[in-house]
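Here's a structure for you.
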Amino acid sequence: MKDPKKKIEIIFYLIKRMSPTEKRYFKLNNKMYKGGDKDFVRLFDFINKMEVYDMSKIENFFTKNKVNSKNLCIAYLHNKLIECIDDEMIYLPDGQNIIMPHMKAVRAYIKMELIDLAYKELLKLEELAELYELYNYLRDIYDNQENLISLSHMRTSHMEHRKELYAKHKRLYEINKVMSDIGYANYMFMYDTPDSDEFKCAIDIMSQYDINNFPPLVNILHRHAYFWYNRNVGQQELAYISCKTSIKIFDENPHLIEAYIERYLTEWSNLFVSITKTDKRDIAARHYEQYQQLPQRFKNIFVKFPDVFTVFYKLTGHLYEAAYNVEYEQYESMEKLSKNTLKTLEKYPTSISRATTVTSLFLRICYGFVLLQDKKSSQFWMDKLESLPYISEMWAYLDMTVLKLILFYEQEDFSLFESNIRSIKRKSKKEDYPDRIIFMLDFLSSLTLKRNQHKLTQIWKTGHQKMLEIERKHYCYIPYSKWIAQKI
């Protein structure tokens with residue numbers, strides 16, 4: 001709404017419909033406002049005392065009080081009133097507030113029974129939600145439209161619009177079902193073994209959809225699920241292609257990057273980890289160069305979200321370096337990477353919320369120092385790993401446990417090594433652990449039984465061969481074969 005006079009009129013009707021309690025709450029809430037002068041509070045008091053709307057009197061108020069920016073004052077008061085009337089928090093995907101102001105305005109206008117204003121704002125909201133494919137909110141929007149139409153049932157134009165809602169509801173139901181199915185499949189591909197019934201059921205579900213008939217975001221989610229499927233069955237090349245396709249769809253629909261910027265950067269993170277597993281070093285480096293150009297390519301989007309830009313973007317870059325260093329044995333770069341990561345985390349502590357990226361990064365840095373045989377730095381990053389609030393997630397916890405056992409072995413703390421082996425092996429009989437973890441537990445356990453150097457050498461050689469086979473067949477977060485190879 002760009003016309004200040006129209007907005008002032010809306011402000012007048014909002015204030016007049018506020019209860020005494022709401023007005024008192026507004027005054028108390030803004031009494032401690034520290035953002036400069038309080039022209040918007042004085043304007044509130046002035047309009048509150050008016051009996052009838054009179055724009056000339058309001059113009060006199062601005063002149064008399066020497067208000068620096070009239071339009072800014074009007075806009076600020078309007079936003080503060082909306083926040084006061086509708087103080088319910090609204091969560092949006094990826095934490096972005098693209099449609100929040102409109103959502104709050106609709107709720108406030110409905111509460112104040114300003115039906116025409118609510119309806120116009122709702123149409124704007126619908127347009128934005130469809131553009132950004134915010135399907136969870138589209139359902140609420142259409143339901144609100146039904147409520148508004150019912151409240152204003154005598155208005156022909158609103159009645160005609162009702163006919164469109166049924167077709168939209170039907171399409172939305174179809175999209176939501178697809179997204180729900182993809183979400184189920186994605187979860188199975190991430191956490192189940194390829195020979196489980198759930199995993200096979202997820203494959204059947206995914207194969208029933210011709211995904212090209214659906215909007216870009218659904219296509220991206222579909223590719224993401226297949227990315228996890230391919231990684232879980234050891235198809236690194238196909239995992240890389242799935243990831244690259246997701247990024248391509250994002251790039252062709254930059255408005256989706258604005259709405260789902262964290263997911264977009266997560267796709268880059270997945271791409272980096274996948275490409276380093278395919279032994280295409282030159283292509284991996286080329287992708288990283290493209291990644292470094294993102295802030296310039298999408299400058300208008302990134303400046304809106306400085307936290308995501310400075311934190312998640314940097315951590316994803318660190319993850320690429322960690323994956324590259326470990327996969328291609330560039331261990332001499334680990335010290336520099338370690339310092340840069342610590343600087344990022346110290347400067348932007350909110351990065352702790354980027355669970356998957358941070359955990360994957362810590363695991364690889366810790367393992368890099370293990371391979372470098374730097375016991376002190378390995379232990380430092382193990383402590384960092386254990387301090388993460390979400391380390392109890394199965395995939396991260398298991399790899400951290402194996403890394404901890406390796407550290408005990410490297411530090412020759414065999415009593416702790418053997419007691420921890422026994423404990424985790426007992427637990428493994430009750431849980432469904434991945435092949436890489438089962439093998440590493442068996443392999444490490446075999447080291448406790450043999451002290452003869454000749455027998456140990458044979459165990460290392462056999463273990464290395466077997467681990468290489470597992471890594472070729474299934475995706476492994478940590479390439480344990482590299483550590484085993486050092487001992488042969």
Side-chain angles (χ1 to χ4, degrees), residues 93-94 132-139 170-250 252-253 256 259-260 262-275 277-278 354-357 359-360 390 392-399 431-437 470 473-477:
D94 286 2
Y132 295 117
E133 300 182 31
L134 299 168
Y135 298 113
N136 292 340
Y137 291 93
L138 279 170
R139 177 60 64 88
K170 186 178 178 182
R171 176 64 170 160
L172 187 61
Y173 176 80
E174 185 182 10
I175 291 173
N176 279 336
K177 183 180 182 305
V178 176
M179 291 181 73
S180 175
D181 285 349
I182 290 173
Y184 166 80
N186 187 65
Y187 188 83
M188 291 303 111
F189 294 155
M190 283 177 70
Y191 296 109
D192 255 286
T193 54
D195 57 347
S196 71
D197 291 339
E198 290 83 358
F199 196 93
K200 292 169 184 173
C201 175
I203 295 171
D204 292 339
I205 288 172
M206 291 287 283
S207 61
Q208 68 180 292
Y209 293 114
D210 178 4
I211 212 66
N212 294 318
N213 293 330
F214 292 94
L217 180 63
V218 182
N219 204 326
I220 289 167
L221 296 174
H222 188 267
R223 304 286 178 185
H224 184 76
Y226 266 119
F227 158 75
W228 279 110
Y229 164 76
N230 289 320
R231 271 173 66 165
N232 216 339
V233 298
Q235 298 288 343
Q236 301 304 330
E237 183 72 37
L238 292 177
Y240 160 65
I241 291 170
S242 296
C243 232
K244 193 168 71 166
T245 306
S246 287
I247 290 172
K248 183 174 182 289
I249 296 169
F250 262 122
E252 290 169 353
N253 299 272
L256 288 181
Y260 300 97
E262 287 194 23
R263 176 171 285 281
Y264 177 63
L265 293 176
T266 298
E267 291 300 323
W268 275 99
S269 165
N270 292 333
L271 179 104
F272 290 151
V273 175
S274 294
I275 189 62
K277 292 284 183 182
T278 60
R354 331 291 178 187
T356 304
T357 300
T359 309
S360 298
Y390 36 75
S392 59
E393 286 188 20
M394 183 59 77
W395 69 272
Y397 171 76
L398 291 174
D399 278 301
E431 306 282 350
D432 187 18
Y433 286 179
D435 287 352
R436 72 181 190 279
I437 301 297
I470 291 173
K473 188 177 178 184
H474 299 296
Y475 174 73
C476 295
Y477 292 97

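One-based numbering along the sequence shown.
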Measure the CG-CD1 distance between Asp435 and Ile470 for me, rounded to the nearest 0.5 Å.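 Asp435 atom CG to Ile470 atom CD1 measures 6.0 Å (nearest 0.5 Å).
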Within the structure provided, determine whether Phe250 and Arg263 are in side-chain contact (heavy-atom separation under 4.5 Å).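 Of all side-chain heavy-atom pairs linking Arg263 with Phe250, at least one is under 4.5 Å.
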Can you measure from OH (Tyr240) to CD (Gln236) and round to the nearest 0.5 angstrom?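 So the OH of Tyr240 and the CD of Gln236 are separated by 13.0 Å.
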If you define the side chain from C-beta out and look only at heavy atoms, does anything of Asn232 sit under 4.5 Å from Phe199?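 In contact.
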Measure the spacing between OH of Tyr397 and OG1 of Thr359 and express it to the nearest 0.5 Å.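 Rounded to the nearest 0.5 Å, the OH-OG1 separation comes out at 14.5 Å.
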How close do Glu267 and Cys243 get, heavy atom to heavy atom, and via which atoms?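 Residues Glu267 and Cys243, closest heavy atoms: O-SG, 3.3 Å.
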SB check Lys177 Asp181 (cutoff 4.0 Å):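 Looking at Lys177 and Asp181, the cut-off is met.
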Would you find a donor on one side and an acceptor on the other, under 3.5 Å apart, between the side chain of Ser180 and the backbone of Asn176?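 No, the answer is negative, given that no donor and acceptor are paired below the 3.5 Å cut-off.
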Compare all side-chain heavy atoms of Leu221 with those of Asn186 and state whether any distance is below 4.5 angstrom.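 Of all side-chain heavy-atom pairs linking Asn186 with Leu221, none is under 4.5 Å.
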Is the shortest side-chain heavy-atom distance between Tyr184 and Ile205 below 4.5 Å?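 Yes; the side chains approach each other to less than 4.5 Å.
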Under a 3.5 Å distance rule, please check whether Ser207 uses its side chain to pair with a backbone N or O of Asp204 as donor and acceptor.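 Yes: the side chain of Ser207 pairs with the backbone of Asp204.
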For Ala185 versus Ala202, what's the shortest heavy-atom pair and its separation?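 In terms of heavy atoms, the two residues are closest at CA-CB, 3.7 Å.
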Considering all heavy atoms of both residues, which atom of Val218 and which atom of Met179 are nearest to each other, and what is their separation?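 Taking Val218 first and Met179 second, the nearest heavy atoms are CG2-CG, 4.1 Å.
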Is the distance between the ring centroids of Phe227 and Phe189 under 6.0 Å?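 Ring-ring flag for Phe227/Phe189: false, centres at least 6.0 Å apart.
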Between Phe214 and Ile175, is a side-chain contact (heavy atoms from CB on, under 4.5 Å) present by the stated rule, with each step listed? CA-CA 7 Å; Phe214 292 94; Ile175 291 173; 4.2 Å; yes
Would you mind telling me which of Ile247, Leu256, Thr245 makes a side chain to side chain contact (heavy atoms under 4.5 Å, CB included) with Ile220?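 Of all the options given, the one that passes is Leu256.
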Of all the heavy-atom pairs spanning Ser246 and His224, show the shortest one and how long it is.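 In this case the closest contact between Ser246 and His224 is OG-N, 4.0 Å.
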Does the side chain of Asn230 come within less than 4.5 Å of Glu237's, by heavy atoms?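 SC-SC contact between Glu237 and Asn230 ruled out.
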Steps toward side-chain contact (heavy atoms from CB on, under 4.5 Å) verdict (Met188, Tyr229): CA-CA 9 Å; Met188 291 303 111; Tyr229 164 76; over 6 Å; no
Check against side-chain contact (heavy atoms from CB on, under 4.5 Å), Arg231 and Asn270: CA-CA 10 Å; Arg231 271 173 66 165; Asn270 292 333; 3.9 Å; yes
First locate atom OG of Ser242, then atom CD of Gln235, and finally report the distance between them rounded to the nearest 0.5 Å.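 Rounded to the nearest 0.5 Å, the OG-CD separation comes out at 10.5 Å.
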Checking the side chain of Asn253 only, and the main-chain atoms of Ile249 only, is there a donor and an acceptor separated by less than 3.5 Å?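 At least one qualifying donor-acceptor pair exists.
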Is any side-chain heavy atom of Asp399 less than 4.5 Å from a side-chain heavy atom of Arg436?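 Asp399 reaches Arg436 side chain to side chain.
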